[in-house]
Each structure stands twice: as structure tokens, then as C-alpha cells.
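For reference, the structure discussed in these notes is given below.
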Amino acid sequence: MDLATLKAFKPSEYEEAADGYRTTGDMASEAKDAIDNRISVELRNQLEGEAAKAAVEELKSLSKNFHYAQTECGLVSTALNGFAFDIAVAKRKLEAAMEDARTGGCTVNANGSVSYPAGKKPGDEKTADGGTVTGSAGGSSPTSDALERQAENIHPNPYYGRAMAYANRIADALEEATDADTKWAPKLRALKADDDLTVSHRDWADAQSDTDGVREAGKAYLDSLPEPPKDGSPKDNAAWWKGLSADEQSAHLALNAAAVGALDGLPAVTRDEANRTVFAEKRGEYEQALKAIPAAPTKYTYTNTGRGPVKVHSDEYMEWHDRYSDRKRELEGYLKGMDQIQDRFDRTGVRGLPEAYLLGYDPVGHSDGRIILANGNPDTADHTAVYVPGTKANIEKIAEGPGLGDLGRSERLWAESGMMAPDKSFSTITWLDYDAPDKVVGEATRGSYAEDAGPTLRSFMEGNRAAHETNPGNPGHTTLIGHSYGTTVVGVAAQSDIGPIGEFGPTPRIADDVVVVGSPGVQADHAADLGVGAQHVWAMGGPGDDQVVRQGGRLVGLGDNLTIPTDEGFGGNIMKSDSADHGGFWDPESTSLRNQAAVIAGKYDRVQHD
């Protein structure tokens, strides 16, 4: 980049363009939300038939297009700000060098060279002529510095050395600007979609690549932004996010979506936006990877033996199997879980189901995957319930089984609670952010899974509280529900960091109410140990618990004296249950479901006690 171009460069023009792209991305986001949460909902609820179904599918495609436009606009906005930042740094260096040259009696020429006036050193009789020097970029070394000092000492004109220093600084600034221009040009050119109207999995995979490219090029810009507090509390995280400018928030969302989506204390809308981007990009990546695996060759062949032809695996198939089968099964598992999550997104509005918020997502996290999904916005809800699944829970089957699995249980809790208090708003959350045991006997009898997960759950609950504190007039009522081994996680979380009153007061209780269902033990021997008050601890069991709870937990021990919450001596409320097995506590129109809903809604007088 030459001197005239760098002098004329106006970072504000690129920053304004970045604002324009960010605004366009915001408009695309609003359009996407309108399609998903209003237009498609009304269409499904008011019209039937094949034409209506086809229209809904077209709207889903349009929504994906807006989502892609939102993501790419965020990247373009961040890239433009990053480019403007890098060039502005170089321009400031140029301007400082030119001002110093002027003050030092030198003149900067259009080509970057520096002219110095005639002058003489002290003690010299003759005035040395002025001249012009051209600098060189690339920094200095001990050898080059020594040579320059030698030349300065030898040269009869006292302005020579100063002029050379100014010229070198100018050359450095111009080279820095040229490097930034060269670095950013291909990154910006890459930020374009195919010239068609379909956003494909390949487009999303490319978006992930684009993100990596902008992140690499924009390292200096990103380093200049306020970073999340190191080991910060959810309150610290909330304050950090609130203190960012719109451009700074956009940059973090564009380039650090996974980190933003996992940060407790941030608004649910923000976490959802970040995790939806991660979801779409990961899906594109996995679909492309699965597509790249070649089709399996013929599986069987025949070989002749003394007893005649025998059917055996072909050599080609065995080679394919050894090379591709594990990866294919892994990718299909990831995509299966994604299909179930996408199905929940698509069912918004069905039977009044509220908008879904993806508060946490990692298809490979904690080995079984990680998902936190809310029905309704917990930041604005009057009542929020967080449901923690138990043994064998994983993202691949998060919506499998009766009632759409663990996601379906939260949906039923939302619907039943809403009927308990129709004038109030509710949010119910499925929280699978831990490595759940895969086996009932053996793994589920160890407390280590819960000990690892408990602090993570407590942080999430504190994050919800911090995010909800933006509505001080409506602090909300929270209920924490655990099932099976999930109750052990809840028990550990409820007791985490509970101690004497310190300088800043007592640790806030984890929730207003704790409900444990089919519990093998909560790592506590009394309800009062859970920090919410024994009167706010609720337990229920069922006949199907005997193998899972009594043998899987009680006899081995998930509490020091083998007490489980449905024992009289535990001290909590024992609720009536009509579940026929260990998983029927959420059956429609059941007493078990209604009792949980009554606690969620704060209708304690409607709880049926056992």
C-alpha cells in the first residue's frame, strides 16, 4: 500500500459498512424468528392439507436461508472491523512518523521518502547540503542498527540520521498496511455464497471454514476486545457481556460462538443464537463428512471348500469396514441426535408449544454429547423448571422413547404446569451437560459422575438467576428436577459451595424447590442438607424403582447411611406417584406428572402426598 492510499484511508467508512452488515444480519435474524415462531405456527394451526404442508416446508427452507445470511453478515461485519482495525494501527504509525518528521524539520514526500534540510554539526565550519533518504521496512537487528549509527556519525549533516529514522518508520507503517490488505483480501472474497437460492450443508461447512479464516486474520482485532473474565462467576459473565458494544458482541458471536453459547450468565437469546450457529455448522460438517465416505462394496462372496461354496465377507468389504464403518456409525449417531433436536425446533407452536432455546450444544462433549434445551425463555418466565436426566441419557436418543424421551418430558412438564397457572409464563429446560452413566449396575452406583457434574449444574442455575436479574421486578420461581441418577447430580449441585456465611453473605440456594424422582440417593442423608429447606424438597418413587434404586443405589450406597429421599427419615415431602415403572413419572394425565407441575407452578396445596 502506498503512502497516499494509507493517508486517505478512513477506518470509519469500513466501520460504518460493518455496522450495515451487522444491521442486515439482525434483520435476517428477526425474519428467521418471525418465520419459525409466528408465520409457520399460524400456518400449521390454521390450515391443513398437502398444500399447507408444502408451504411449511418452503418456509423452513427460507428460515434456513435467513439464518445463513445472518451468520455470514456477522462474519463480514467482523472482518470489516478487523480490517479497519489493522489498517488504522498502521495509519496511526504513519501519521506519528510524519508529524515527528515535520517537527524535526524534515519533509515527507509522496513516495514515502524523507527530505532533510542543509545543516552542520557542532564544530564543523562547512554547512552540509540537504538530501533525501528512503527507508526500509522489516525492523532492525544489532548489525543494521550499528551500520545506521555509523552512517549517521560519518555523515556531515545532523539531519541525516533523524530523516533515516523517520523514513524507516514510514516504510514499516506502509508494509504493515500492505500486509493487512494482503491478508484480509482473500478472507473477504471468501465470504460469499453459491449463486443459487439453496443453502446446502456444503454452504454451512464453508461458513465454518470462513469463520476459521476470519478468526485467524483477525487475531489482533480479537485480542483488542474485552475477553470473558477468566474463571468468572455467572454474574461476572453477565456483567462482561452487558458491558460490550454491539460490534464487540457481534464479533464474539461470529468467531467464538461455541464459547459464547456455553457461558453461564448470558441471556438465553444470546446463547440460543450462538448455539444455533454451532448446530448448523456442525450439521454441515457432518453431512459433508458422511457424504465423503464411499458406499460399502458387496458385503458377501462365496469361496469354494471341500464341502462346497461357503458364504464369507468379501475382502473389499472388510477393507471398507476397517477403514470407514466406525466413523460412519459415529457420524450417523451425531446426525440422528440433530434430527431429534431439529424436530423440536420444527414443532414450535404445535399444541401451543413455545419457542425453543438452545442454551448448550456440543455433539461430542462429555463423550455422550451435550445439550441444554428450553421450552420458553427462562429469562422472562415467571416459573422455570430444570430437568436433569439420569442413567443412559445421551444426545443421540434425547428425544427417543415414549413421549419423545427426555426432551418430551420437559415439554409435558411445560404443558401441565401452564394448566396449573394459566396466567403465568413458564420455561422448562432439559439439562444434559454431564456424562451420564451408561449402565444401571456398576457405573450408576458410583458417585463420581455426579461429583463431576454437580458444580456444572450449579453454575448453570446461577447463570439463569444472573440472566433473570435483568428483570428485577420478576425474579422468577425455579424448580430443579432430577430423575434416577440425575437426582444424585441435583443433590451434589444443591450442596456445592454451601458453607458458613462469609464476607459476601451466604451462598444463594440453587433453586426454590428441588424435586427428586426415582432417586437412588442424593449424596445427602437429610432433606435439610440440600440448602433449600426441607419443606421445599419433594420426592416420589414407583414400583419399577426396586431394581434401579434399591439394588442400583441403596444397597451399594449413594449416601453415607443408605438413605434415599422417599424414606420417611429423609425429612422431605413424599409425593404420591402412579408410575408403573421407573420411567412413567411423566405419563399424560398422571398423578406423578400433575404433582411435579404443581410444585413448578408453586401450587403446593395441589400436591398429593403419599
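Treat the numbers as computed from the prediction; the structure is a model and nothing was measured. All values below come from the heavy atoms of this structure, side chains included, with hydrogens, waters and symmetry mates left out.
Scanning all heavy atoms of the two residues, the minimum distance from Thr430 to Pro389 falls at CG2-CG, 4.2 Å. In this structure, Pro378 and Thr384 approach most closely via the heavy-atom pair O-OG1, 3.8 Å. Of all heavy-atom pairs spanning Ala527 and Gly571, the tightest one is CB-C, 3.8 Å. Val532 and Ala511 get closest at one heavy-atom pair: CG1-O, 3.3 Å. Taking each heavy atom of Ala528 and Ala534 in turn, the nearest pair found is N-CB, 4.2 Å. Taking every heavy atom of both residues into account, Ala28 and Ala69 meet most closely at CB-CB, 4.3 Å.
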| Passes side-chain contact (heavy atoms from CB on, under 4.5 Å), Ile341 versus Ile395? Steps please. | CA-CA 9 Å; Ile341 297 167; Ile395 199 169; 4.2 Å; yes
| request: Under the side-chain contact (heavy atoms from CB on, under 4.5 Å) rule, what do Leu373 and Leu407 come out as? Steps first, then yes or no, please. | output: CA-CA 8 Å; Leu373 194 145; Leu407 292 186; 4.2 Å; yes
| query | Could you go step by step and tell me if Asn464 and Ile429 meet the side-chain contact (heavy atoms from CB on, under 4.5 Å) rule? | reply | CA-CA 11 Å; Asn464 279 354; Ile429 303 170; 3.7 Å; yes
| request: Run the numbers on Asp264 and Ser459 for side chain to side chain donor-acceptor pair (under 3.5 Å), then give the verdict. | output: CA-CA 7 Å; Asp264 294 328; Ser459 176; 2.6 Å; yes
| message | Show, in sequence, the C-alpha distance, side-chain angles and deciding distance for Glu355 and Asn377, and conclude whether the side-chain contact (heavy atoms from CB on, under 4.5 Å) test is met. | response | CA-CA 8 Å; Glu355 180 179 355; Asn377 189 343; over 6 Å; no
| Where do Lys328 and Glu332 land on the salt bridge (Lys or Arg N to Asp or Glu O under 4.0 Å) test, with the steps shown first? | CA-CA 6 Å; Lys328 183 173 185 290; Glu332 288 173 341; 2.5 Å; yes
| task | Give the C-alpha distance, both sets of side-chain angles, the deciding distance and a yes or no for salt bridge (Lys or Arg N to Asp or Glu O under 4.0 Å) between Asp339 and Lys336. | result | CA-CA 5 Å; Asp339 286 341; Lys336 179 181 178 182; over 6 Å; no
| said: Run Gln596 and Trp586 through side chain to side chain donor-acceptor pair (under 3.5 Å) and show every step you take. | reply: CA-CA 9 Å; Gln596 293 176 76; Trp586 296 271; 3.2 Å; yes
| task | Step by step, work out the salt bridge (Lys or Arg N to Asp or Glu O under 4.0 Å) result for Arg283 and Glu287. | result | CA-CA 6 Å; Arg283 180 153 199 163; Glu287 291 280 6; 3.7 Å; yes
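The CD1 atom of Ile398 sits 12.5 Å away from atom CZ of Arg370, with the distance rounded to the nearest 0.5 Å. Taking CG of Asp33 as the reference point, atom CD of Glu273 lies at 8.5 Å (rounded to 0.5 Å). Rounding to the nearest 0.5 Å gives a distance of 9.0 Å between CG of Asp346 and OG of Ser63. With rounding to the nearest 0.5 angstrom, the CG atom of Asp587 is 6.5 Å from the CZ atom of Arg412. Met575 CE to His609 NE2: the interatomic distance, rounded to the nearest 0.5 Å, is 8.5 Å. Atom-to-atom distance recorded for Tyr485:OH and Tyr449:OH is 7.5 Å, nearest 0.5 angstrom.
A donor-acceptor contact shorter than 3.5 Å is absent between the side chain of Ser417 and the backbone of Trp414. Side chain of Asn595 to main chain of Ser592: no donor-acceptor pair is present (N/O by atom type, distance under 3.5 Å, no hydrogens or angles). Side-chain N or O atoms of Gln340 include one that pairs as donor or acceptor with a backbone N or O of Ala399 at under 3.5 Å. Although no hydrogens or angles enter the test, the distance criterion places no donor-acceptor pair under 3.5 Å between the side chain of Asp578 and the main chain of Ser590. When atom types are taken as modelled, the side chain of Thr488 and the backbone of Gly521 share a donor-acceptor pair closer than 3.5 angstrom. Side-chain N or O atoms of Asn237 include none that pairs as donor or acceptor with a backbone N or O of Trp240 at under 3.5 Å. No donor-acceptor distance shorter than 3.5 angstrom exists from the side chain of His477 to the backbone of Asp382, with no hydrogens or angles considered. Using a distance-only test at 3.5 Å, with no hydrogens or angles considered, no donor-acceptor pair links the side chain of Lys60 to the main chain of Ser40. The backbone N or O of Ala493 sits less than 3.5 Å from a side-chain atom of Arg458, completing a donor-acceptor pair. His468 contributes a side-chain N or O that, together with a main-chain N or O of Ala381, makes up a donor-acceptor pair within less than 3.5 Å.
By the 4.5 Å heavy-atom criterion applied to side chains, Arg344 and Asn375 are counted as neighbours. Residues His67 and Thr277 meet the side-chain proximity criterion, which asks for heavy atoms closer than 4.5 Å. Between Val599 and Val607, the closest side-chain pair of non-hydrogen atoms falls below 4.5 Å. Between Ser425 and Thr380 the shortest side-chain heavy-atom distance does not fall below 4.5 Å. The shortest distance between side-chain heavy atoms of Ile371 and Leu358 falls below 4.5 Å. For the pair Tyr357/Ser427, no side-chain contact is recorded, criterion being any heavy-atom separation below 4.5 Å from C-beta on. Residues Gln288 and Arg202 have side chains in contact (heavy-atom distance under 4.5 Å, counting atoms from C-beta outward). Taking the side chain as every heavy atom from C-beta outward, Val350 and Arg44 approach each other to under 4.5 Å.
Ring geometry for Phe585 versus His582: interplanar angle over 60°, hence perpendicular rather than tilted (30 to 60°). Note: His383 and Phe426 have parallel aromatic rings, judged against thresholds of 30 and 60 degrees for the angle between ring planes. Ring planes of Phe279 and Tyr361: perpendicular class, angle over 60° (limits at 30 and 60°).
With hydrogens and angles left out, the side-chain atoms of Ser233 and Asp236 include a donor and acceptor closer than 3.5 Å.
With ring centers used as reference points, Trp538 lies under 6.0 Å from Tyr604.
By the 4.0 Å N-to-carboxylate-O rule, Asp362 lies too far from Lys282 to be salt-bridged with it. A salt bridge between Glu411 and Arg347 is present, with a side-chain N of the basic residue lying under 4.0 Å from a carboxylate O of the acidic one.
Taking a 6.0 Å sphere around CZ of Arg327, one finds it holds more than 12 heavy atoms contributed by other residues, nucleotides or ligands.
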